[in-house]
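Accompanying notes for the structure given below.
Numbering of residues begins at 1 and proceeds along the displayed sequence. Because only heavy atoms are used, hydrogens play no part in the values below, and waters and symmetry mates are left out as well, while side chains stay in. What you are looking at is a predicted structure, and each value in this text was computed from that prediction instead of being measured.
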Amino acid sequence: MSMTRAHISVSLDGYTAGPDQSPEQPLGAGGERLHDWVVELAAWREPHGMEGGEVNASTPVVTEVQSDVGAVVMGRNMFGGGPGAWDEQNPWTGWWGEEPPFHAPVFVVTHHPREPLEMAGGTTFHFVTEGPAAAVERARRAAGDQDVLVAGGAATVRSCLAAGLVHRLDLALVPLLLGSGTRLFDGVTGPAFEQERVVSAPGVTHLRYRVLS
């Protein structure tokens, strides 16, 4: 059965990005280190058009996260391009080059409308101004029998959890203290979770939770 699932990296002290975020430093000071464990994996590098890479205990986790995804939901900060209205003279097309790794419809939660952006490889970015719930609903319709992946950032994952839209939460817990920045669970008082899996890997511990209604 298809589901909506979220996957995000988080520090030991609960942050998904460090302080002083900016368009030039979208994950804030030290935040890039949250993803050190994944960028060296062959399973991550191949979809991003990169060669080589490691195979370790994180490989099946990343492969599973990437599989059976019919649509993706993300926030404006994850898509990038800076705050405010879109620059029509120099339009931002994301961090991923001409052929993003999603190969599926991507629904970007934003306050600023924009026409759909069709990229190579089957990825089309749709810009949703009605909020995360509307983005998830559109993604579910587009995904059909496949899953919807809520890819981040923290505010989008948090909003979807608070609204009861997520069936499964996968956390990549990184042994790193950021001290400040963007917390994943700020203001979230529910739902409850049931732990389903723990996988220890180099530089990260993968935690899987079923979200209880």
Side-chain angles (χ1 to χ4, degrees), residues 3-23 25-39 41 43-44 47-48 58 61-62 64-67 69-83 92-96 100-111 123 125-128 131-136 138-140 143 147-163 165-174 176 178 181-188 193 204-209 211:
M3 67 174 70
T4 298
R5 43 190 171 94
H7 180 268
I8 196 165
S9 291
V10 61
S11 68
L12 283 180
D13 50 351
Y15 294 96
T16 61
D20 303 320
Q21 290 175 261
S22 68
Q25 192 172 239
L27 291 177
E32 289 288 347
R33 295 168 60 195
L34 288 168
H35 301 137
D36 284 351
W37 66 272
V38 73
V39 295
L41 287 181
W44 184 88
H48 288 79
S58 287
V61 175
V62 170
E64 186 177 34
V65 167
Q66 296 173 156
S67 66
V69 174
V72 178
V73 173
M74 67 174 61
R76 166 71 183 269
N77 286 348
M78 182 172 177
F79 179 75
W92 177 256
T93 59
W95 302 102
W96 304 277
F102 307 105
H103 309 296
V106 179
F107 296 86
V108 180
V109 181
T110 174
H111 295 295
T123 298
F125 293 102
H126 303 269
F127 301 92
V128 182
V136 170
R138 289 182 60 181
R140 285 175 174 169
D147 290 349
V148 171
L149 177 64
V150 181
T156 301
V157 173
R158 189 164 56 233
S159 295
C160 291
L161 282 171
L165 301 173
V166 177
H167 302 104
R168 193 176 81 196
L169 175 65
D170 286 285
L171 297 179
L173 183 64
V174 180
L176 169 67
L178 290 174
T182 302
R183 285 190 183 273
L184 178 57
F185 294 115
D186 269 1
V188 179
F193 300 91
V204 64
T205 300
H206 300 283
L207 306 172
R208 170 170 292 173
Y209 298 95
V211 183

To the closest 0.5 Å, what do you measure between OG (S9) and CG (D36)? 10.0 Å
Parallel, tilted or perpendicular: ring planes of F193 versus Y209, cut at 30 and 60 degrees: perpendicular
Heavy-atom pair of closest approach, residues P132 and S159: CG-CB, 3.7 Å
At their closest point, which heavy atom of F79 faces which heavy atom of T93, and how far apart are they? CZ-C, 3.8 Å
For residues L149 and H7, determine if any side-chain heavy atom of one lies less than 4.5 Å from a side-chain heavy atom of the other. yes
Without swapping roles, check the side chain of Q66 against the backbone of A43 for a donor-acceptor pair under 3.5 Å. yes
List the steps and the verdict of side-chain contact (heavy atoms from CB on, under 4.5 Å) for L27 and H35. CA-CA 10 Å; L27 291 177; H35 301 137; 3.5 Å; yes
CG of L12 to CG of L176: how many Å apart, nearest 0.5 Å? 7.5 Å
Between CG on residue L41 and NE2 on residue H48, distance to nearest 0.5 Å: 11.5 Å
Hey, is the main chain of H206 close enough, under 3.5 Å, to the side chain of D170 for a donor-acceptor pair? no
What closest approach, in Å, do A151 and V72 show between heavy atoms, and which atom pair accounts for it? CB-CG1, 4.0 Å
Taking the side chain as every heavy atom from C-beta outward, state whether S11 and L34 have any atom pair closer than 4.5 Å. yes
Just do the side-chain contact (heavy atoms from CB on, under 4.5 Å) check on L171 and L184 with the steps written out, would you? CA-CA 10 Å; L171 297 179; L184 178 57; 3.7 Å; yes
Within a radius of less than 6.0 Å around CZ of R33, do more than 12 heavy atoms belonging to other residues, nucleotides or ligands occur? no
Lys/Arg N to Asp/Glu carboxylate O, E64 vs R5, below 4.0 Å: no
Here the gap from L161 atom CG to T156 atom OG1, rounded to the nearest 0.5 Å, amounts to 11.0 Å
Residues which pass side chain to side chain donor-acceptor pair (under 3.5 Å) with T4, listed by chain and number, not counting sequence neighbours: R140
Heavy-atom closest pair, residues V109 and A135: CG2-CB, 3.7 Å
Do the ring planes of W92 and W95 sit parallel (below 30°), tilted (30 to 60°) or perpendicular (above 60°)? perpendicular
Looking at G153 and M78, what are the two nearest heavy atoms and their distance? N-CB, 4.0 Å
Might you work through the side-chain contact (heavy atoms from CB on, under 4.5 Å) test for W37 and V62, ending with a clear yes or no? CA-CA 11 Å; W37 66 272; V62 170; 3.7 Å; yes
Any idea which heavy atoms bring A143 and V148 closest together, and the distance? CB-CG2, 4.0 Å
Quick check: are there more than 12 heavy atoms from other residues, nucleotides or ligands sitting under 6.0 Å from NE2 of H111? no
